[in-house]
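For reference, the structure discussed in these notes is given below.
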Amino acid sequence: MEITIKLEPNIKQLELFGTADTHLRALRKNLNVKISARKNDLLISGSENNVKTTAKIIEKMQKQLTKKAYLTTDDVKIMLAQKDSAQPAETGHAISVYSPKRAIQPRTSGQIKYIKTMLQNDLTFCIGPAGTGKTYLAVAVAVSMLKKNQIRRIVLARPAVEAGEKLGFLPGDIHAKVNPYLRPLFDALEDMMDFAQMKKFMDLDIIEIIPLAFMRGRTLNDAVIICDEAQNTSPLQMLMVLTRLGQSSKMIITGDITQIDLAATQKSGMVEAIQTLKRIKGIANVTLTQKDIVRHRLVQNIVRAYRKKTKAKE
């Protein structure tokens with residue numbers, strides 16, 4: 001069988017085909033088909049079932065590029081792994097959230113391991129570079145558990161540590177000053193429920209997005225507590241956070257230990273906690289790497305370049 005697919009005019013062929021046609025080569029190898037490009041057309045030939053499956057996967061690839069402007073090798077691998085599934089968005093690894101017809105799908109083997117670890121343990125530490133989904137997937141798991149009535153509230157916290165800027169020079173009251181530090185948490189939530197629902201949950205304190213200091217003195221039961229950017233906590237702050245864990249709750253601690261903004265003489269509370277608690281049952285550690293980065297394809301190259309530069313100085 002042979003069919004021709006007309007490529008979307010707004011799709012860049014380099015992004016669709018992959019560097020050196022890696023995406024097309026993966027389709028050819030896994031589905032035993034021939035694929036050739038002719039201007040804005042793709043010619044696919046092979047057995048009927050394999051050709052139809054290839055066409056469906058290429059359609060998904062184009063839809064993702066239209067919606068998210070990136071397509072990784074791991075995305076293509078996941079699509080190939082799901083080729084026999086009637087509902088790929090509802091695989092065992094997908095996370096159901098409030099947004100209609102939407103499920104959060106892990107894109108790499110590292111992200112799949114991260115989700116399993118969060119669900120299986122009461123306390124999870126996750127370290128990794130920017131763009132690996134540390135915060136996003138933690139929020140997705142929390143929102144999914146809230147939707148399923150497995151918890152009663154979500155608490156999202158971040159230390160307001162200055163990365164070269166001074167809070168005092170920012171305009172507005174204290175809430176306006178800390179808002180930029182909490183913005184990534186708002187962004188993740190807005191991707192999983194509509195604004196009206198998010199505002200309602202926040203008004204009812206079902207969802208709290210707060211600076212880390214606001215957790216002091218509290219015990220959080222029936223909750224998922226997420227401490228983001230935890231590499232910037234002091235040992236005392238980390239101990240305070242860890243001891244907030246109440247009955248029937250989960251805690252997820254995320255951070256990038258290569259981007260610590262504390263004073264050079266101050267030890268990261270996250271690093272100390274991982275070392276101190278590594279042998280306790282119910283506490284797990286996950287490390288995501290540059291292979292798990294799912295932002296623009298250049299982000300992996302940027303992280304790799306800076307890592308090489310750092311190693312060269314050592």
Side-chain H-bond candidate by donor/acceptor type, [X] with [Y], under 3.5 Å:
X      : Y      : result
Asp292 : Thr108 : yes
Asn232 : Asp261 : yes
Gln62  : Gln64  : no

Kindly compute the distance separating [atom1] ([X]) from [atom2] ([Y]), expressed to the nearest 0.5 Å.
X      : Y      : atom1 : atom2 : answer
Asn50  : Ile44  : CG    : CD1   : 11.0 Å
Leu146 : Ile151 : CG    : CD1   : 5.0 Å
Leu16  : Asp21  : CG    : CG    : 10.0 Å
Glu272 : Met238 : CD    : CE    : 9.5 Å
Ile293 : Thr132 : CD1   : OG1   : 7.0 Å
Ser47  : Lys52  : OG    : NZ    : 10.5 Å

* side chain to side chain contact (heavy atoms under 4.5 Å, CB included) between Asp191 and Tyr136, intermediate numbers included -> CA-CA 9 Å; Asp191 211 25; Tyr136 191 83; 2.4 Å; yes
Determine whether a donor-acceptor pair (N or O, by modelled atom type, separation under 3.5 Å) exists between the side chain of [X] and the backbone of [Y].
X      : Y      : value
Lys147 : Tyr98  : no
Gln237 : Gly269 : no
Ser144 : Ala140 : no
Lys113 : Val286 : no
Arg38  : Thr4   : no
Gln231 : Asp256 : yes
Asn121 : Leu123 : no
Ser249 : Leu220 : yes

Any idea which heavy atoms bring [X] and [Y] closest together, and the distance?
X      : Y      : answer
Ile104 : Met192 : CD1-CG, 4.4 Å
Leu288 : Lys134 : CD1-CG, 4.0 Å
Glu229 : Pro159 : O-CG, 3.4 Å
Ser234 : Gln266 : CB-NE2, 3.2 Å
Pro129 : Gln290 : CG-N, 4.0 Å
Ala230 : Ser268 : O-OG, 4.2 Å

Decide whether [X] and [Y] are clustered together by the hydrophobic rule: side chain heavy atoms of Ile, Leu, Val, Met, Phe, Trp, Tyr closer than 4.5 Å, transitively.
X      : Y      : value
Ile112 : Val139 : no
Met240 : Val271 : yes
Ile280 : Met251 : yes
Leu239 : Ile283 : no
Leu43  : Ile57  : no

For [X], is the [atom1] atom crowded, meaning more than 12 foreign heavy atoms sit under 6.0 Å from it?
X      : atom1 : result
Lys267 : NZ    : yes
Asn32  : CG    : no
Glu2   : CD    : yes

Result block: side-chain N/O donor-acceptor pairs under 3.5 angstrom for residues 198-218, not counting sequence neighbours:
| from | atom 1 | to | atom 2 | distance (Å) |
| --- | --- | --- | --- | --- |
| Lys199 | NZ | Asp203 | OD2 | 3.2 |
| Glu208 | OE1 | Arg218 | NH1 | 3.2 |
| Glu208 | OE2 | Arg153 | NH2 | 2.7 |
| Glu208 | OE2 | Arg218 | NH2 | 2.7 |

Between [X] and [Y], is any pair of side-chain heavy atoms under 4.5 Å apart?
X      : Y      : value
Val224 : Met118 : no
Leu80  : Leu31  : yes
Ile35  : Phe17  : no

* To do: Please lay out, stage by stage, how Ile225 and Arg244 fare under the test side chain to side chain contact (heavy atoms under 4.5 Å, CB included).
  => CA-CA 9 Å; Ile225 306 111; Arg244 301 308 97 200; 5.7 Å; no
* In a check of side-chain hydrogen bond (donor to acceptor under 3.5 Å, both in side chains) between Arg158 and each of Thr254, Asp228, Thr135, which one passes? -> Asp228
* For the pair Ile252 and Tyr114, evaluate side chain to side chain contact (heavy atoms under 4.5 Å, CB included) and give the outcome as yes or no after the intermediate values. => CA-CA 11 Å; Ile252 304 155; Tyr114 180 31; 3.6 Å; yes
